[in-house]
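The structure appears right after this line, and notes come after that.
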Amino acid sequence: MENAPLAAAKTDVQRKSLDQRELMNELQRLRHSAAHMLAAAVLRLWPDALLDIGPPTDEGFYYDFDLPSHRFSPEDFPRIEEEMRKITKENQAFEKSFKSRDEALTWFSSRGQKFKMERLADIPEGEAISFFQNGEFVDLCAGPHVMRTGNVKAFKLLKVASAYFRGNEKNPQLQRLYGTAFKNKEELENWLHLQEEAKKRDHRRIGQEMGLFAFDAEYVGPGLPLWLPKGTVLVEELEQLARETEFDAGYVRVRTPHLAREKMYKTSGHLPYYADSMFPPIEFQEDEDRQRELEIRAALSALGNGSGPEFEAETGRLQAQLAGTTTRYYLKAMNCPHHHRIFAAEPRSYRDLPLRLAEYGMCYRYEQSGELFGLMRVRGMQMNDAHMYCTPEQFASEFRAVNDMYLKYFKIFGLDRYVMRFSTHDPARLGVKFVNEPELWKQTEDMVRQVLIDSGINYVEVPNEAAFYGPKIDVQVYSTIGREFTIATNQVDFAVPRRFGLVYKDRDNTEKTPLCIHRAPLGTHERFIGFLIEHYAGNFPLWLAPEQVRVLTIGDEVPLVDYARALVQELRGHRVRVEGDYGTTKINGKIQNAEKDKVHTMLVIGGREKDADSVALRLHGKGNVGVKPRAEVVAQILQSIRTRAA
């Protein structure tokens with residue numbers, strides 16, 4: 001495996017509770033044990049290494065080390081893996097033991113393991129402090145593990161990266177070794193083959209080869225994609241699909257600006273809690289701010305150089321007002337607050353509900369440069385967003401309709417494998433991590449769960465991962481080669497509408513706060529198109545292909561070219577994206593060029609085809625389909641585009 005970019009991790013891994021650890025499956029336990037074996041092997045080879053943490057991940061495991069005397073590289077992997085294989089052969093038992101907090105501190109202090117000493121603080125008071133030992137290696141760990149190291153036979157180190165201790169860039173930068181492990185060698189080999197196939201489908205490489213998008217870090221900035229003409233085709237086709245689907249489902253479209261006053265995000269609760277994910281504020285003085293500043297400074301001047309409690313109190317009050325004469329605007333990191341203000345712009349009645357506001361809204365989120373990754377992690381994104389405002393009685397049907405929309409999209413894009421992660425709250429953390437509305441949490445979680453069951457949707461329930469304002473669903477899909485992507489989210493919100501004072505008049509003429517459903521089934525253009533590029537390997541279906549048709553002539557005789565041009569004009573009249581290649585290049589060369597450019601449909605025309613008013617039809621990656629009447633082929637192309645055939 002190639003060396004990964006030394007991208008510093010931004011966020012600290014959240015320590016699993018004991019209950020969550022008990023739910024770890026067999027593969028997670030195996031990978032957790034492999035992480036311990038990795039650390040044990042590194043200590044055998046580099047005894048001066050300092051250890052941090054080594055959790056299992058969705059694709060394997062990692063362990064973080066501080067080792068100033070050596071910089072890890074892929075050249076070290078065979079040596080480390082060989083040491084791990086020795087540990088496997090030694091068939092060491094994973095044995096659990098306990099220490100008091102003071103004993104643990106003393107134990108780590110005597111070995112100079114300063115990061116482990118800090119990690120002790122993560123263990124709640126009253127929870128037993130446990131260690132696991134295999135052979136000579138002992139680690140602070142709550143488990144669980146497999147029984148013995150002999151159970152871990154199929155593993156491989158993958159890459160090296162860097163990560164700040166606790167995800168804070170002010171802390172020391174550690175070296176992170178990534179690996180994976182499976183139950184047997186066959187599963188490991190299959191997974192490695194999948195990774196090689198994924199490299200071939202890398203959206204960054206295909207996007208560059210096809211001329212879909214570009215990044216210009218010097219002039220535009222990192223993480224801000226530029227959509228080139230062919231990539232813009234994909235954007236506009238997805239927007240058209242969304243517009244049609246949402247119109248049929250009773251949505252109305254809105255548009256909102258790209259920034260808002262600080263008050264908006266303080267009211268929504270995004271500030272200060274999500275400030276790290278937002279761009280810094282734009283600060284300046286409005287005309288009224290400048291006038292207020294002059295008035296306050298005049299009042300301060302009039303106070304003179306007095307003294308005493310009353311003077312100090314008045315001076316402090318005016319100074320505080322002076323600090324408020326600067327207006328702050330933020331680039332919007334989410335569309336929901338703007339949509340809430342649209343709801344509030346007019347009086348609402350129960351007769352107006354459900355109200356479904358939709359927008360492909362532009363959002364900006366500050367991702368550290370080391371976390372940017374092609375279209376998958378960007379700083380500027382356009383989101384297929386919508387917010388449905390409804391009564392409690394309407395909630396179930398609205399939520400079901402959203403899920404039906406997901407299923408429709410899955411069918412269009414040929415997504416047979418998917419799972420919805422239903423994230424719920426932890427009652428013990430109400431008022432801390434989650435809005436303190438126990439009855440609404442129970443009511444909405446029960447309704448969401450029942451809708452998922454009634455719809456027959458494949459889902460898993462994940463505790464303690466809801467949004468702060470309500471339960472949510474993260475939609476995970478699998479590409480053609482089985483790679484997993486999180487592409488969209490669906491959230492219930494019973495808290496933020498109340499913060500904004502959103503109300504409607506109910507049948508009994510009382511004011512009530514609507515429930516709000518946030519949904520984005522096509523995610524962002526950036527992430528979803530990145531997924532589609534890898535899903536299709538750039539071989540898009542006809543309706544989505546940047547260049548749908550290319551007409552190729554066998555020769556450049558005038559009558560032949562005239563016939564080809566007429567066909568191109570006919571197709572363009574139907575808004576088909578078609579080009580013509582009428583040059584002197586031999587036909588095999590023209591076909592090769594079209595295949596390289598991933599043109600979906602090629603129409604080859606020679607003298608016989610012209611005389612018979614026909615074309616020789618070729619499809620990208622499938623070859624020659626045969627000679628067909630021109631009118632039949634045109635009708636077939638238009639039908640495929642109209643129905644968005646896979």
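Both backbone and side-chain heavy atoms feed into the values below; hydrogens, waters and symmetry mates do not.
Proximity of the aromatic rings of Y329 and F284 is defined here by a centroid distance below 6.0 angstrom, and this criterion is met. Ring centroid separation for the pair Y469 and H518 comes in under the 6.0 Å cut-off. Residues F413 and F528 place their aromatic rings such that the two centres sit under 6.0 Å apart. You'll find the ring centres of Y360 and H525 inside the 6.0 Å limit. Between H270 and Y330, the gap from one ring centroid to the other reaches at least 6.0 Å.
Using the six-membered ring where Trp is involved, W191 and F182 have ring planes that are tilted, between 30° and 60° apart. The aromatic rings of Y364 and H258 sit tilted, their planes meeting at an angle between 30° and 60°. Classified by interplanar angle (parallel below 30°, tilted 30° to 60°, perpendicular above 60°), the ring pair F485/F531 is perpendicular.
Annotation: side-chain hydrogen bond (donor to acceptor under 3.5 Å, both in side chains) contacts involving residues 206-218, sequence neighbours excluded, comprise R205-E209. Note on residues 404-419: pairs passing side-chain hydrogen bond (donor to acceptor under 3.5 Å, both in side chains), not counting sequence neighbours, are T245-K408.
Side-chain contact, R572 with Q569: no donor N or O sits under 3.5 Å from an acceptor N or O. In this model, a donor atom of one side chain and an acceptor atom of the other lie less than 3.5 Å apart for T489 and D474. If you check the side chains of E534 and H203, you find a donor sitting under 3.5 Å from an acceptor. When only modelled atom types and interatomic distance are considered, T256 and E359 share a side-chain donor-acceptor pair under 3.5 Å. No side-chain donor from either of Y389 and H339 sits under 3.5 Å from a side-chain acceptor of the other. Side chain to side chain, E75 and S73 meet the donor-acceptor criterion of an N or O pair below 3.5 Å.
Salt bridge absent: E246 and R356 never bring a charged side-chain N and a carboxylate O closer than 4.0 Å. A salt bridge links R377 with E367: the distance from a Lys NZ or Arg NE/NH1/NH2 to an Asp or Glu carboxylate oxygen falls below 4.0 Å.
Shown here is D611, whose CG atom has more than 12 heavy atoms of other residues, nucleotides or ligands within 6.0 Å. Other residues, nucleotides and ligands contribute only 12 or fewer heavy atoms inside 6.0 Å of the CD atom of E186. Heavy atoms from other residues, nucleotides or ligands lying under 6.0 Å from NE2 of H193 number 12 at most.
The side chain to side chain contact (heavy atoms under 4.5 Å, CB included) test applied to P222 returns A217, L372, R379, not counting sequence neighbours. For the salt bridge (Lys or Arg N to Asp or Glu O under 4.0 Å) test, residues two or more places apart in sequence or in another chain that qualify with R644 are E244. Scored by the salt bridge (Lys or Arg N to Asp or Glu O under 4.0 Å) test, E526 finds no partners at all (sequence neighbours excluded).
Using a distance-only test at 3.5 Å, with no hydrogens or angles considered, no donor-acceptor pair links the side chain of K230 to the main chain of A545. Side-chain atoms of T553 do not come within 3.5 Å of backbone N or O of D556 as any donor-acceptor pair.
None of L603, T601, N593, I591 except one satisfies the side-chain contact (heavy atoms from CB on, under 4.5 Å) rule with R550; the exception is N593.
Interatomic distance, CD1 of I487 versus CG of L415, reported as 6.5 Å (0.5 Å rounding). Here the CG-CZ distance, from N490 to F422, works out to 10.5 Å after rounding to the nearest 0.5 Å. If you take CG on L271 and OH on Y265, they are separated by 8.5 Å, rounding to the nearest 0.5 Å. To the nearest 0.5 angstrom, R243 atom CZ is 13.0 Å from D248 atom CG. Taken to the nearest 0.5 Å, the CE atom of M381 stands 9.0 Å off from the CG atom of L224. Note that CD of Q639 and CH2 of W543 are 15.0 Å apart. Values are rounded to the nearest 0.5 Å.
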Any chance you could lay out the side chain to side chain contact (heavy atoms under 4.5 Å, CB included) test for M210 and F540, step after step, and finish with the verdict?
-> CA-CA 12 Å; M210 293 184 67; F540 299 106; 4.0 Å; yes

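Figure legend: K610 and Y563 shown without cation-pi pairing, the cationic atom not lying both under 6.0 angstrom from the six-membered ring centre and within 45 degrees of its axis. A cation-pi arrangement is present between R176 and Y62 under the rule of less than 6.0 angstrom and at most 45 degrees off the ring axis.
Between R421 and Y459 there is no side-chain heavy-atom pair separated by less than 4.5 Å.
Closest approach of A181 to R31, counting heavy atoms only: O-NE, 2.9 Å.
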Would you give me the side-chain donor-acceptor pairs under 3.5 Å for residues 614-632, sequence neighbours excluded?
from: S614; atom 1: OG; to: E609; atom 2: O; distance (Å): 3.4
from: H620; atom 1: ND1; to: E595; atom 2: OE1; distance (Å): 2.6
from: H620; atom 1: NE2; to: N539; atom 2: OD1; distance (Å): 2.6
from: N624; atom 1: OD1; to: G626; atom 2: N; distance (Å): 3.2
from: R630; atom 1: NE; to: E570; atom 2: OE1; distance (Å): 3.1
from: R630; atom 1: NH2; to: E570; atom 2: OE1; distance (Å): 2.9

